[in-house]
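Encoded as structure tokens, the structure appears first; notes follow it.
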Amino acid sequence: MPELPEVETVRDGLARHVLGREVAGVEVFRASAVRRHEAGPADFAARLTGRTLTSAVRRGKFLWLLLDGAPGADAPDGALLAHLGMSGQLLVHHAADAGRHPHLRARLHLEGQVEVQGPVQVQGQGAGGRDGDGGELVLDFVDQRTFGHLAVTGLVPTPDARPGGLGSPLTALPPAVAHIARDLLDPDLDHPALVAALRRRRTELKRALLDQTLVSGIGNIYADEALWRAGLHGTRPTDRLRPVEAQRVLDAAAAVMREALRVGGTSFDALYVDVNGSSGYFDRSLAVYGQAGRPCPRCGTPVVRTAFMNRSSFTCSRCQPRPRAARRAATGRGTA
DNA sequence: CACACGTCCTGGTAGC
DNA sequence: TGCTACCAGGACGTGT
């Protein structure tokens, strides 16, 4: 499942392989892949063609490529927005040897690298040189389940910009992302404010961690891992968390995502930009997620799976004691 | 057939 | 009562 570390790995791969290239053509194989582009697939393709990809930006699980070189004067500067949903992948291939994946939803044809104004960040050894040979590339959007999507969008000023910002490149973002909170790896995230906001919520802790308008990037997997590391149960009422507990679970989430990023980020060295979160390398390090029946790495107690919000939660009943009385965060209608 | 789950949407509730 | 903000839960979609 692509959560923040997987999306960041994709963003980094795109930054190294497709920036500076111009979109020469667009194919949409399934209209629903661009359903959030309201004007439809033809308009999607038209607005993309002729534009140059100048930057790869991410907030939480949303990722977008900034577009330069509007073909028509009426076309505003904007971005190609992508969300990978549950199974989306963005794959870069040399045009010559690009096959057709069975779940290929859309394909961008990219012309050879051109010079763009401003520095195109090329990091990683040799990555830029190999691709800068002028050969044509394709950027494929592959998505087995169909929760992911692409759209060409405008940009609005970042609503939560901080005057003393520490250097986050997020000065503008797609309207569809404007309501998404900063993530735990964002240098401009206001940590004390986040702790306060979390404790102000009147809900369960895991629900809050998954709420992208509170803090973004955390999905079901990393929520469970963070809760386990922090020794907190996901049903703990947020308004009863002590400040140190709130801080601890957020720190744990940041730590587990950084570790995943380190592993995932070193797994893709070549042109192939992959994201297949659950089959990645990090799943070997998962302590509880998907580990029902197996011993807790800390105390040996079998991990238990419980249903939660139409999905699963994995916990160690010893390391993560249930809140007493399981008083579901005072929502008015108690739990029975 | 249940299950995987991120996001959007709807309807409900609390509190002013 | 009206308004706003917030919250819970269902729908969506495809393949195993």
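In what follows, every chain begins at residue 1, and chains take the letters A, B, ... in the order their sequences are listed.
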For [X], all residues meeting side chain to side chain contact (heavy atoms under 4.5 Å, CB included), sequence neighbours excluded:
X      : answer
A/A208 : A/L198, A/T203, A/L214, A/T238
A/P174 : A/W64, A/L81, A/T153, A/L155, A/V177
A/E245 : A/L232, A/R236, A/L241, A/R242, A/R248
A/V215 : A/L184, A/L194, A/I218

Within the structure, does a side-chain N or O atom of [X] lie under 4.0 Å from either OP1 or OP2 of [N]?
X      : N     : answer
A/R201 : C/dA5 : no
A/H149 : B/dG6 : no
A/Q212 : B/dT7 : yes

For this session: Whole angstrom is fine here: how far is it from CZ in A/R35 over to P in C/dC12?
Result: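 Interatomic distance, CZ of A/R35 to P of C/dC12: 13 Å.
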Exercise. A/R36 CZ to C/dC12 P: how many Å, rounded?
Worked result: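 So the CZ-P distance, A/R36 to C/dC12, works out to 16 Å.
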Problem set entry | A/R11 with A/E8: basic N within carboxylate O range, under 4.0 Å |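 Salt bridge: yes.
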Check nucleotides 14-16 of chain C against the protein and report each pair of N or O atoms closer than 3.5 Å, with its distance, or say if there are none.
residue, atom, partner, partner atom, Å
C/dT14, OP1, A/R30, NH1, 2.5

For this session: Please identify each residue that fulfils ring pair (Phe, Tyr, Trp, His ring centres under 6.0 Å) with A/H149, with sequence neighbours left out.
Result: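 If we apply the ring pair (Phe, Tyr, Trp, His ring centres under 6.0 Å) test to A/H149, skipping adjacent residues, there are no hits.
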For this session: Would you mind classifying the nucleic acid contact of A/R305 as base, sugar-phosphate or nothing, using non-hydrogen atoms under 4.0 angstrom?
Result: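 Result for A/R305 = sugar-phosphate.
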